[in-house]
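Working notes for the structure below.
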Amino acid sequence: MNRDPRYDPLFQSLQIGPVETKNRFYQVPHCNGGGYRDPSAVAEMRKVKAQGGWGVVFTEQVELHHTSEITPYIELRIWDDDDIPMLSKMADSIHEYDALAGIELTYSGVNGPNLYTREVPMSASAMPVKTFFKDPVHARQMDKKDIRDLRRWHRNGCIRARDAGYDLICLYGAHGFGVIQHFLSTSTNQRTDEYGGSLENRARLMAELLSECKDAVGDTVAITVRLSLNEMVNGLGFSNSEVRDVIGMHAELPDLWDLAHGAWEDCSGPSRFKDEDAQHDLVQGIKELTTKPVVGVGRFTSPDLMVKQIQSGHLDLIGCARPSIAEPFLPNKIDEGRVEDIRECIGCNICITGDMTMSVSRCTQNPTFMEEWRRGWHPESFPAGKSGEIVLIVGAGPAGLEAARVAGERGYDVFLAEATGELGGRVNKERHLPGLSAWGRVADYRSYQLSQMPNVEVYKGSALDAEQVLEFGATHVAIATGATWRRDGVARHHILPMPISGDIGVYTPDDLMQGNIPQGRVVIYDDDHYYMGGVLAELLIDKGADVILVTPSAFVSEWTNNTLEQATIHQKLGNLGVKLILNRSVESVSDSGLTTACIYTGSQENIKADNIVLVTAQRPDDELWRSMSTQEDRWADHGVTSVKIIGDAVSPAPIAWATFAGHRYAREIGQPDIGDALPFRREVFQPH
Ligand code: ADP
Ligand code: SF4
């Protein structure tokens, strides 16, 4: 098929300083949890995006100099010439598919605690470092010599980046990260010399760096700058009007203006709180201030919205991080007239948790992300399975759907049996909770893909038991039957069931998702710590209940610190009138109410309540698996060669774990047993 002509503007070339991009798809820098620890994995991931049609593909942030590093987070480094081969490998990978390679140079300043190098951090002004861990370290103020050094380090970094093969160099000054922003913002710059005070002075470092980097390498490499569109902290900061003034002042200095929303949590806001194109108003009109290209982001997944950005003169280039992770082939699919095949990002921010937990990032929608090199998984190509073999998948949640999709792509005859009348499993329930509608894309994308495969058959309303599975005639069986929230309070605090008696109604998230909504005074007891407790609090407020959320954690929805939404959740629940009780467990439920206890002192208090919702552990629904296991001696008689249990049915976890499990299952059907060997490649230390 051919491209719909209305998307032609997205495929026009554009000059960016001395280089030209073939189209308007600009993969802005994004972390991946791998960085310097997993450079081959990162290189392959970027290559796949270039193959998928992105005109510009950037690295993640690259630490410019050893005097500023953000350990324990794992990004890239360009500290000296020893880093060039690794960075060259990435640039070469990107060039293989005719994309421009971009590198984002970062001097972290007040964000760098220097735990690894033990250098004293330096920043625009002296202050405690601003890190996620609130490291007890102060940055000292840069003096004039430090600033001269910093300028030289930038020039040297640019020369190394050029020698490594990069076409664009972005100086990072957005998201509250990056020394350029620290100088621009009154929340981090209280200097009284020519680098502080007036906006002109605060922008001086940016202007010096841009012009000196251009002098150093600008004849062949585009020099860009990434700025936050709005970042105010307690009345101080760098406001949207100041951004406009700075751009007006230095309109033609960089080869491109790269605009990010505000703090990282603003720019990468989850779909629960931020819509597509959320930074629209902050960007509006900026293009009129400069003749240089402007790129902006907004979790763009809709080609129509993308083309509107270009045609209305709002942006010149469509910046994407998460949409390019979920769908590395987004540009090619638009180009090939396959818009309905785009795997849209759901805005869950699981990818970000890979960076925040210093592990390798994963993506809910695209399980091949960061597995391109490690496991040899490509998002669009699948090794052929053995013809004539039948794969039966029981359960059409995210694990079963992804297993069916990938087994179908491999050419197996696939049968997917689902007990209910709908495909999607937990996603079908969770998508109706406040703020989670975009998560439905997990089910919608896969249901559509399955509907297009002649070798995949779906049976809805088909709850299978072991006898039916054996009789089915399948060669391979995957059991993806999901999990159920526990009703006995067992999770992290209660190892054994919580004492529960009396008339207080006891509910689980499954009850609420099935429309069984408690009224009156409702306590949500959250010992799960991800999104569910907070989301149900919103739901219950909406339904008119009086809600108290009790959690043994010091934070509401603690794990959402990793998805950058914890503060927003706390603020939202507070504003909705949810009473938040932190650092306390619910010890027991009885007629006299709920007994809570401080997790530190054990001191007890009673809360009166009509109902309690237990957001605690989940129990795998593995009866079918257990029944099949006990009958293993019958498998061969029925032609069954393998039975596997996958997803929440074996280990309840976020949706991304289920899509990964489904994908892995289907990739590994028919593969020889590898015994004790590692199931993936890794970068192994070679002694000098
Ligand atoms: P996961 O996240 O691992 O994919 P889900 O809970 O989302 O798990 O989905 C499991 C799906 O399996 C649900 O849609 C459920 O209705 C279905 N299911 C459970 N038991 C059976 C069964 N015996 N036969 C067919 N479908 C089943
Ligand atoms: Fe989008 Fe979630 Fe994938 Fe991140 S993990 S790219 S937010 S779908």
Side-chain angles (χ1 to χ4, degrees), residues 30-33 268-272 274 299 301 320-328 330 343-355 361-370 392-404 415-431 438-439 441-443 445-446 458-469 472 477-485 510 513 562-565 618-625 627-628 645-663 665:
H30 68 73
C31 58
N32 48 70
S268 292
S271 58
R272 185 172 165 190
K274 285 252 153 71
R299 213 178 60 249
T301 60
C320 292
R322 290 170 294 174
S324 74
I325 292 172
E327 181 50 279
L330 195 152
R343 190 174 37 234
E344 288 180 277
C345 167
I346 69 166
C348 61
N349 282 2
I350 282 292
C351 46
I352 289 168
T353 72
D355 193 54
S361 283
R362 56 167 96 212
C363 169
T364 302
Q365 279 284 60
N366 173 17
T368 67
F369 179 58
M370 290 305 283
L392 170 65
I393 292 154
V394 187
L401 283 172
E402 179 70 359
F415 296 87
L416 175 63
E418 164 56 40
T420 69
E422 276 183 299
L423 304 184
R426 60 183 286 184
V427 167
N428 263 342
K429 300 187 249 172
E430 295 181 26
R431 69 188 304 173
W439 292 20
R441 293 170 176 177
V442 172
Y445 164 72
R446 290 172 176 79
V458 175
Y459 300 119
K460 295 182 189 168
S462 300
L464 301 188
D465 60 22
E467 207 52 45
Q468 289 166 311
V469 170
F472 196 89
V477 179
I479 295 177
T481 44
T484 305
W485 290 89
D510 290 316
M513 287 189 281
N562 296 314
T563 49
L564 305 180
E565 54 192 328
Q618 297 173 68
R619 210 193 291 272
D621 292 333
D622 57 2
E623 299 85 346
L624 177 60
W625 159 251
S627 175
M628 288 296 293
I645 180 166
I646 58 171
D648 290 333
V650 63
S651 167
I655 297 165
W657 275 243
T659 50
F660 173 81
H663 195 101
Y665 166 76

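We count ligands from 1, going down the list as the structure has it; atoms in each ligand are counted the same way. If you read the sequence from its start, that first residue is 1, and numbering goes on from there.
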Show the atoms of ligand 2 that are less than 4.0 angstrom away from any heavy atom in [X].
| X | result |
| --- | --- |
| Gly347 | 1 (Fe), 7 (S) |
| Ile346 | 1 (Fe), 8 (S) |
| Arg322 | 6 (S), 7 (S) |
| Thr364 | 3 (Fe), 5 (S) |
| Ile325 | 6 (S) |
| Asn349 | 2 (Fe), 7 (S) |

Any N, O or S atom of Cys351 closer than 2.8 Å to atom 4 (Fe) of ligand 2: yes
Number the atoms of ligand 1 from 1 as they appear, then name those within less than 4.0 Å of a heavy atom of [X], with their elements.
| X | answer |
| --- | --- |
| Ser462 | 24 (N), 25 (C) |
| Thr420 | 16 (O) |
| Gly395 | 11 (C), 12 (O), 17 (C), 26 (N) |
| Arg426 | 2 (O), 5 (P), 7 (O) |
| Ala658 | 2 (O) |
| Ala480 | 10 (C), 11 (C), 12 (O) |
| Pro398 | 1 (P), 2 (O), 4 (O), 7 (O) |
| Ala463 | 24 (N), 25 (C) |

Residue and atom name of the nearest protein heavy atom (relative to atom 8 (O) of ligand 1), distance in Å to one decimal: Gly482 CA, 3.2 Å
Closest approach of any protein heavy atom to atom 20 (N) of ligand 1, naming residue and atom: Thr481 CG2, 3.2 Å
Does [X], backbone or side chain, put an N or O under 3.5 Å from an N or O of ligand 1?
| X | result |
| --- | --- |
| Asp648 | yes |
| Gly647 | no |
| Ala399 | yes |
| Leu624 | no |

Residue selection (non-hydrogen contact nearest atom 3 (Fe) of ligand 2) among Gly354, Ala438, Cys363, Cys320: Cys363
Proximity winner for atom 1 (Fe) of ligand 2, if only heavy atoms of Pro323, Ser324, Cys345 are counted: Cys345
Thr484-Asp621 side chain donor-acceptor pair, cut-off 3.5 Å: yes
Pair Thr420, Glu422: side-chain N/O donor-acceptor within cut-off below 3.5 Å: no
Cationic tip of Arg272 above Trp439 ring, under 6.0 Å, 45° of axis: no
